[in-house]
Amino acid sequence: MDRPYYRPRRLRSHETVRSMVRETRLSPLNLIYPVFVCPGERVKREIAAMPGNYNMSIDQVVEECRGIKSLGIPAIILFGLPPSKDEMGSGAYADEGIVQEALRSIKSAVPDLLLITDVCLCEYTSHGHCGQIRDGDVDNDATLLLLAKTALSYARAGADIIAPSDMMDGRVRTIRQTLDENHFERTPILSYAAKYASAFYGPFREAADSAPQFGDRRSYQMDPANQREAIREVALDIEEGADIVMVKPAMPYLDVIYRVKTEFDLPVAAYQVSGEYAALVAAQRNGWLEKDRIILESLTCIKRAGADLIITYFAKEAAKLLS
Ligand code: PBG
């Protein structure tokens, strides 16, 4: 009988050896938890399609942030549900806007938690699109000014990192210039560089009340069929001044994460989005998937593909499992 000469199983037979040769190690330091702030007091409303995630008023968010920090998670990304919406999304750049107020409260209560702000208008516009509308579509260049105003207003309220997610052309440059002109030259930009027009955002639109009232987002977010275009988008954002580049969603786009990681030398982030979370949780609840293993495997694989940072609704559970 021809016996195998090299036996890969030798290094798999003990957990000690397996753990010594493990190539990817997930840490709570890789994780960013998304937080949805809403008006009111003592509000903590579970998001139906995202069990374990809530719309919270600022007082509750502050409590949540203390918990997040104590789990060893270094950062959150904030989304706002404003008290009212209008055509221009003015709630996004109001000095007393919901995210601005939350930033000030969290900063003073939990100073060493890193605060990232998603910069986009879709939660704030009455039509639910990510910018100003002209002739039935989002007007790119008019929207840039509103995004820059929003970014500056978040930086002034205490945001540590600015994360534009709107997919307008040229927004990283406009935001960078505006921040620099106002002495926020040290505030990094984490750009949603390759953001796809994905059906996996379904539950988020309930969480952030941001579903478009007409049409869809395909005139600004990317076609899921395209990989080379992602490289072009990332290259542009880097030229324009992005410090970290993100791919979104994560698990169905591991090839994109991998290519971005190998072709550029900036840190890469990935967003395990609401629909990825909802699908995994639904299967767990039916007893079809093992909860803890699924959480750790999905996140480890996203990291293995090349993500240095992962935004995930599983952050708290993953941090507990990793401690
Ligand atoms: C805002 C934004 C969205 C998400 C993050 N920022 C929604 C969208 O683009 O439609 C999705 C996050 C998720 O699904 O978890 N533009």
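This structure is a prediction, so every number in the text was calculated from the model and none was measured. First listed ligand is number 1; within each ligand, the first listed atom is number 1.
- Counting only heavy atoms of the protein, atom 9 (O) of ligand 1 lies nearest to Lys195 NZ, 2.6 Å.
- With respect to Arg22 and Glu15, a salt bridge is recorded, a charged nitrogen being found less than 4.0 Å from a carboxylate O.
- Heavy-atom proximity to Tyr271, at under 4.0 Å, picks out these atoms of ligand 1: 12 (C), 15 (O).
- Scanning the protein heavy atoms around atom 1 (C) of ligand 1, the nearest turns out to be Ser165 OG, 3.3 Å.
- For the 3.5 Å distance criterion, the side chains of Tyr33 and Asn53 qualify, holding a donor opposite an acceptor.
- The nearest protein atom to atom 14 (O) of ligand 1, hydrogens excluded, is given as Ser274 OG, 2.7 Å; this is a heavy-atom distance.
- Selection from Tyr313, Tyr196, Phe204, Tyr192 by nearest heavy atom to atom 15 (O) of ligand 1 gives Tyr313.
- The shortest N or O to N or O distance between Arg217 and ligand 1 is under 3.5 Å.
- Residue contacts with ligand 1 do not include Met167, since none of its heavy atoms lies under 4.0 Å from the ligand.
- Distances shorter than 4.0 angstrom occur between a heavy atom of Lys248 and an atom of ligand 1.
- Within a 6.0 Å radius of CZ in Arg18, more than 12 heavy atoms belonging to other residues, nucleotides or ligands are found.
- Distances from ligand 1 to the non-hydrogen atoms of Gln221 include at least one value under 4.0 Å.
- Contacts with ligand 1 closer than 4.0 Å are made by no heavy atom of Asp166, backbone or side chain.
- No more than 12 heavy atoms of other residues, nucleotides or ligands shown are found within 6.0 angstrom of CZ on Phe200.
- Each of the atoms 5 (C), 6 (N) of ligand 1 lies under 4.0 Å from some heavy atom of Phe79.
- At the shortest separation from atom 6 (N) of ligand 1 among protein heavy atoms lies Asp118 OD2, 3.2 Å.
- Within the 4.0 Å heavy-atom criterion, the part of Cys122 lying near ligand 1 is the side chain and not the backbone.
- The side-chain hydrogen bond (donor to acceptor under 3.5 Å, both in side chains) contacts involving residues 65-77 comprise Glu63-Arg66, where partners must be two or more places apart or lie in separate chains.
- Atoms CG and CZ, on Asp166 and Arg171 in that order, are 4.5 Å from each other to the nearest 0.5 Å.
- Using a 4.0 Å cut-off between charged nitrogen and carboxylate oxygen, Arg293 and Glu297 do not count as a salt-bridge pair.
- Remark: aromatic rings of Tyr271 and Tyr253 are distant, center separation not under 6.0 Å.
- Under a 4.0 Å heavy-atom criterion, Tyr277 is not in contact with ligand 1.
- Between the side chains of Gln272 and Ser298, at least one donor-acceptor pair of N or O atoms lies under 3.5 Å.
- Among protein heavy atoms, the minimum distance from atom 10 (O) of ligand 1 is reached at Arg205 NH2, 2.5 Å.
- For the pair Lys195 and Tyr201, the cation-pi criterion (under 6.0 Å, within 45° of the ring axis) is fulfilled.
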